[in-house]
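Atoms within a ligand are numbered from 1 in the order they appear, just like the ligands themselves.
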Amino acid sequence: MQLKTILNRVENFKSFVYGKARWVDDAEVPTIEVQVEARRNGRPICSGCGEVRPGYDRLAERRFEFVPLWGIAVYFVYAMRRVECPACGVKVEEVPWCDGKNQLTTTYRWFLAGWAKRLSWQEVACAFRTSWQNVFRSVKHAVSWGLAHRSLEGIEAIGVDEIQWHRGHKYLTLVYQIDEDCRRLLWAGKDRTTKTLLRFFRMLGKERSASLRFVCSDMWKPYLKAIAKKAGQALHVLDRFHIMAKMNKAIDEVRAAEAKRLERDGYEPVLKHSRWCLLKRKENLTEKQAVKLSELLQYNLQSVRSRLMREDFQRFWEYCYPACAAKFLEQWCTRTMRSKIEPMKQVAKTLRRHRELILNWFRAEGAISAGIVEGLNNKAKLTMRKAYGFRTAKAIEIALYHQLGDLPEPEFTHEFW
Ligand SMILES: [Zn+2]
C-alpha cells in the first residue's frame, strides 16, 4: 500500500491530487514530503471571494505541515497559483487544506487542538515536536470556529461567577449555561464590573436575554445591577454556595481576631489549629478535628458561637415554602444581630439586604441545583492552573472556552485524534 492510498482515505480533495512522496534528507526529525498537484481541469478559486477565476501566475513551492505519521513529520508541498479576479484583483488561490498564510494544515491544527484538551499546551508541543505558539494558535483557531458555529438558542438558566487570574485583583467574569441538559461556559470577559457583564448580555442579544428564566449569581453588586437591567424578567437566585462562603469568611475573621486576643491576654492558645474544625461541617470532620471541636465547645468562645450560628443556618435550606424560609431567615438574623459578634452581624445585615434574592432560591423550586456554578468554576480554576506558557487574560479566556465551552467541531472524513 502506498502513502498516497492512505492519504486519499483520510484526507481527500476534490480538485487536488497527491503526487510523489519522498524522504527529506538531513532533516532534524524523520520527515516525508508529499507533493500536491492541482487536477488538470481544476481551475483556481479566488481566496477573496470564493469564485472560480482565471489563473494569473504561480508562486514558489510552500510546505504545509500535516498530521505526523508514526513519529514522522509529514508535509504537503504545493506551489500556490494566483488568480486574476475582476472583483478582488490579483489574489492567491484558496486551497482546501489550509487557510491564509498558515503553515499548518487545517486538519493538523484541529489535531493539535484536540490533544490540547487532554494535555497542557506545553505537553502537546513536546509530544508532537512543535512549538507552544503553534499549539496556542491551533486552539485559538478551534475556539473561534466553535464560537462562530455554536448555537445560543434555548438557553433558560445562566450562572455568573468570577475567577481571579492574576494577583492584584485581576478578575475574569465567567457566564455559564446551567440548564439541566446543557452545562457549558458561554462567555468570559475581563474584569468584574457592571460593564463587563453588560458586554455578555450584548453578545447574547436582547431577545435571548429576555427569554432567560433563571439567573444565578453571588452578591457582587455590579453583577446584580447588570442582571436587573438586562434580564429583569428572570428569577434571580443568589447562589447557596456563595452565601455559605460569606458565612465561613466571617467565622474565619472571628477566629483570627479571637486567637490574637487570647494570646495577648495570656490565655491558653486553644484556637491554634482550629481553623478547619470550625469551618467544616460536622459530617466532614476528621477524627482529630472532631475531638478538637468538642474540646473547643467547653469554652464560651465567639468562634464557637459563630460556628453554631452557621450550623443553625443550614436548616434554612431545608425549607420548601418561601414564606417559612423567610420567617426563619428573619429569626436567624435577629438572633445574630444580638450576638455582639461583629463579622456575623455583618453577614446578617447582608442577608437582610438581599432577602428577596435569597428567597428566590425557594421560588426556583429546585430548578437550580446547589453548587452547580461552583462546580463549573472549580473546573475553570483547574484549567487555569495548568501551565499555559504565558498568563494573559486572552490566553486564559481561550483555554477556558476550549475546555469548558462544549464548542462544536467540523466533521472530518477521518478521526485523527
Ligand atoms: Zn475574488
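Taking the six-membered ring for Trp and the full ring otherwise, Phe316 and Phe362 have centroids separated by under 6.0 Å. The distance between the ring centers of Phe64 and Tyr108 does not fall below 6.0 angstrom. The aromatic ring centres of Trp97 and Phe16 sit less than 6.0 Å apart. For Phe416 and Phe66, the ring centers are positioned less than 6.0 Å apart. Taking the six-membered ring for Trp, Phe328 and Tyr319 have ring centres closer than 6.0 Å.
Ordered by chain and number, Cys46 SG, Cys49 SG, Cys85 SG, Cys88 SG make up the set of protein N, O or S atoms under 2.8 Å of the Zn ion (ligand 1).
With sequence neighbours excluded, the residues satisfying side chain to side chain donor-acceptor pair (under 3.5 Å) with Ser217 are His236.
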